[in-house]
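Have a look at the structure below, then the notes.
It should be emphasised that the depicted structure is a prediction, and the values quoted were computed from it without experimental measurement.
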Amino acid sequence: MIKDTIVDGFQNAPHRSLYHALGLTKEEQARPLIGIVSSYNEIVPGHMNLDKIVDAVKMGVAMAGGTPIVFPAIAVCDGIAMGHTGMKYSLITRDLIADSTEAMVLAHGFDGLVMVPNCDKNVPGLLMAAARVNIPTIFVSGGPMLAGRVNGKKTSLSSMFEAVGAYSAGKIDENQLCVCEENTCPTCGSCSGMYTANSMNCLTEVLGMGLGGNGTIPAVYSARLELAKHAGMQIMELVRAGVRPRDIMTASAIQNALTADMALGCSTNSMLHLPAIANECGVEFNLDMANAISEKTPNLCHLAPAGPTYMEDLNEAGGVYAVLKELTKLELLDTGVMTCTGKTLGENLANAVNRDPEVIRPAENPYSKTGGIAVLRGNLAPDGCVVKRSAVAPEMLRHEGPAKVFDSEEDAIAAIYAGRIVKGDVVVIRYEGPAGGPGMREMLSPTSAIAGMGLDKDVALITDGRFSGATRGASIGHISPEAVRGGLIAYVQDGDRISIDIPNYSIELNVSDEEIKQRMATTEIKKKTDIKGALARYASQVSSADRGAIINTFAE
């Protein structure tokens with residue numbers, strides 16, 4: 001306990017004097033000190049309500065006999081950062097969040113933690129930190145945004161990005177674009193589809209680190225405040241029992257999360273974050289696990305952008321627990337794993353009910369018999385690449401076409417809006433990987449432009465960058481090795497034929513070995529020389545995407 005090393009004894013009088021400077025009474029100093037890591041800020045819509053969540057957590061901690069102390073974590077809004085240099089800074093914040101939280105926790109000797117994140121990199125970053133410091137921890141997120149309403153239909157941020165493509169193609173006018181703009185994001189919260197933030201908040205439930213409802217109760221519901229109070233109370237139980245994150249996030253729990261990922265149709269970014277979390281837990285994670293689990297896991301949910309339902313619908317249908325209950329019918333989960341509730345996963349699921357078989361398909365009537373994500377391999381990606389299979393039109397599951405090659409996202413977007421991309425093309429965007437970007441930008445703008453222009457069932461896009469959870473279509477990311485590290489994607493030329501076979505997990509550049517050797521001998525790898533600061537450090541230390549874009553002690 002913190003009081004043993006920082007509070008008790010004559011030698012700790014200086015520490016106690018600083019606690020008095022904080023206004024902490026002797027009684028408060030004698031109680032377990034609970035750090036509340038708040039991602040609150042006023043620029044990220046998913047975080048603007050976190051002050052209310054934090055206040056509720058503090059009340060729960062105090063009611064249960066602890067002393068709550070708040071400190072911050074940074075956050076980037078991926079939507080606002082999208083399509084410009086700002087997106088280079090999104091993924092790198094995952095490690096900045098983990099590192100800064102580690103520093104704060106170990107410098108101040110907290111007895112337990114309540115993590116209050118919400119958006120894309122905060123959730124995995126704080127899960128990584130929880131595993132790293134390994135003191136009792138529980139998560140409570142800010143909750144998802146309600147869906148927007150445009151012309152009587154529910155909508156979300158991915159529709160807004162696609163509306164830009166539709167406007168560019170002359171399919172909607174400026175007034176219609178404005179109506180979309182003003183009605184798509186109606187409340188605070190993480191964007192309303194099964195995008196990365198909501199994917200990771202849902203998987204936090206499956207990992208056992210968040211209470212039931214953490215991933216799905218909307219941000220504006222009062223039930224979210226009740227959940228926060230219960231999280232504050234429950235951390236005290238975890239502290240008293242000495243239950244730590246690595247007791248919960250075991251190899252079995254991580255396999256459960258990957259299984260649930262397939263059933264929910266989560267963002268492809270989970271294939272970056274789950275390996276990184278596993279790495280902090282000391283658990284081996286290989287991308288091939290994804291296909292093995294996908295082969296036996298049905299896809300039960302088609303939330304936006306894959307379908308017409310939203311997080312509020314999943315919540316009303318029974319939430320993550322109802323999805324997991326369906327998976328237990330097929331004996332796909334280890335229900336004996338411990339969770340932050342103090343109960344096993346199986347005990348948590350005892351009263352779960354699927355209230356809407358259209359939102360959560362029963363296990364015997366899935367959208368597909370295989371999971372939502374697929375890992376492809378071939379000469380173009382010998383170390384793997386990732387596609388959200390559940391968001392791909394059936395006619396694009398197999399595709400062959402000529403390459404249109406671009407060395408940056410900006411060049412690709414310009415070509416798309418200029419009408420240079422036609423039916424059948426395979427758009428190739430390279431030098432956007434973890435090291436080459438650096439920062440592995442999301443490609444929501446080009447994929448949304450393609451979809452908005454009505455080409456998502458005719459055009460594929462591949463990149464060593466990554467995609468937003470809001471992306472749909474034959475969008476294949478995480479090409480490994482990436483271009484800047486000599487991956488074959490660096491040597492693709494306009495007009496080369498590329499074959500994609502998602503059902504058979506294959507991606508191939510149809511160029512002879514002799515021609516490839518010739519190109520490798522004569523083509524110069526493009527390395528950015530104008531980066532500095534955090535980006536330069538990240539580029540020198542980050543691993544390839546297939547390993548989760550984790551930070552290495554030494555550069556590869």
Side-chain angles (χ1 to χ4, degrees), residues 2 19 22-24 28 31-77 93 96-98 100-105 107-108 110-127 129-130 133 135-145 187-190 197-198 200-201 204-205 209-239 245 340:
I2 186 174
Y19 282 150
L22 291 170
L24 294 180
E28 287 174 304
R31 297 172 181 170
L33 193 67
I34 305 301
I36 302 174
V37 187
S38 171
S39 297
Y40 168 77
N41 63 50
E42 295 182 339
I43 188 61
V44 182
H47 292 212
M48 61 181 286
N49 66 319
L50 294 190
D51 55 339
K52 308 296 188 298
I53 302 297
V54 166
D55 286 345
V57 170
K58 290 173 68 176
M59 184 174 291
V61 169
M63 285 192 297
T67 298
I69 300 289
V70 180
F71 64 90
I74 61 171
V76 164
C77 176
T93 65
L96 295 174
I97 291 162
S100 60
T101 302
E102 172 195 353
M104 287 293 290
V105 171
H108 299 103
F110 291 98
D111 294 306
L113 297 170
V114 182
M115 306 294 201
V116 188
N118 208 29
C119 288
D120 295 33
K121 309 308 172 296
N122 301 83
V123 183
L126 290 177
L127 283 165
V133 301
I135 64 172
T137 303
I138 195 169
F139 278 66
V140 57
S141 78
M145 184 184 292
T187 71
C188 62
S190 49
N198 292 325
M200 294 309 302
N201 281 320
T204 299
E205 285 190 51
M209 294 296 292
L211 300 176
N214 180 64
T216 60
I217 297 172
V220 295
Y221 284 13
S222 296
R224 174 64 56 179
L225 298 177
E226 295 182 27
L227 184 76
K229 292 174 185 176
H230 282 128
M233 290 185 275
Q234 185 59 24
I235 187 57
M236 297 306 299
E237 296 299 321
L238 296 174
V239 168
C340 66

Exercise for review: Tell me, with the steps shown, if K52 and L225 meet side-chain contact (heavy atoms from CB on, under 4.5 Å).
Suggested key: CA-CA 7 Å; K52 308 296 188 298; L225 298 177; 4.1 Å; yes
Practice item. To the nearest 0.5 angstrom, please state how far the NZ atom of K121 sits from the SG atom of C77. Key: 10.0 Å
Check your understanding: Residues two or more places apart in sequence or in another chain: which of them pass side chain to side chain donor-acceptor pair (under 3.5 Å) with Y221?
Key -> none
Practice item. Identify the two heavy atoms, one from G142 and one from I53, that lie closest to each other, and give their separation to 0.1 Å. Key: CA-CG1, 4.3 Å
Check your understanding: Could you go step by step and tell me if L238 and T137 meet the side-chain contact (heavy atoms from CB on, under 4.5 Å) rule?
Key -> CA-CA 7 Å; L238 296 174; T137 303; over 6 Å; no
Check your understanding: Rounded to the nearest 0.5 Å, what separation is found between the CD atom of E102 and the CG atom of L126?
Key -> 12.5 Å
Exercise for review: Could you check if a side-chain atom of F71 sits within less than 4.5 angstrom of a side-chain atom of V105, using non-hydrogen atoms only?
Suggested key: yes
Review point. Is there side-chain contact between M145 and S190, with heavy atoms separated by less than 4.5 Å?
Key: no
**Study point:** Non-hydrogen side-chain atoms of Y19 and L33 separated by less than 4.5 Å
**Key:** yes
Review point. If you look at every heavy atom in M209 and C340, which pair is closest and at what distance?
Key: C-SG, 3.6 Å
Review point. What's the spacing between L50 CG and I36 CD1 if we round to 0.5 Å?
Key: 12.0 Å
Point to revise | CA sep, side-chain torsions, deciding dist, call: I138, L211, side-chain contact (heavy atoms from CB on, under 4.5 Å) | key: CA-CA 8 Å; I138 195 169; L211 300 176; 4.0 Å; yes
Practice item. Check whether any side-chain heavy atom of V61 lies under 4.5 Å from a side-chain heavy atom of M233, and answer yes or no. Key: no
Review point. Any donor and acceptor pair, going by atom type alone, linking the side chain of N214 with main-chain N or O of E205 inside 3.5 Å?
Key: no
Check your understanding: Does a side-chain heavy-atom distance below 4.5 Å link R224 with S141?
Key -> yes
Review point. If only atom types and distance count, is the side chain of H47 paired as donor or acceptor with the main-chain N or O of N41 below 3.5 Å?
Key: no
Study note, to complete from the structure: Separation between CG (N49) and CG (N118), nearest 0.5 Å, reads 6.5 Å
Point to revise | Close side-chain approach of R31 to D111, heavy-atom, < 4.5 Å | key: no
Study note, to complete from the structure: In short, M104 meets H108 closest at the heavy-atom pair O-ND1, 2.8 Å
**Study point:** Polar side-chain atom of T101 near backbone of A98 as donor-acceptor pair, under 3.5 Å
**Key:** no
Exercise for review: Write down the atom of C188, the atom of A219, and the distance for their closest heavy-atom approach.
Suggested key: O-CB, 3.7 Å
Point to revise | Shortest non-hydrogen contact from N122 toward P117 | key: CB-CB, 3.7 Å
**Study point:** Shortest non-hydrogen separation from V44 to C119 and the atoms involved
**Key:** CG1-SG, 3.7 Å
Check your understanding: Looking at side-chain heavy atoms only, is the closest gap between V239 and I34 below 4.5 Å?
Key -> yes
**Study point:** Inter-residue atom distance I235.CD1 - E237.CD, 0.5 Å rounding
**Key:** 10.0 Å
**Study point:** V140 and H230, any side-chain heavy atoms less than 4.5 Å apart
**Key:** no
Review point. Taking it one step at a time, do L127 and F139 satisfy side-chain contact (heavy atoms from CB on, under 4.5 Å)?
Key: CA-CA 9 Å; L127 283 165; F139 278 66; 3.6 Å; yes
Practice item. Look up atom CE in M48 and atom OG1 in T187, then write down how far apart they are to the nearest 0.5 Å. Key: 9.0 Å
Practice item. Might you confirm whether atom CD1 of I43 has over 12 heavy atoms from other residues, nucleotides or ligands at distances under 6.0 Å? Key: no
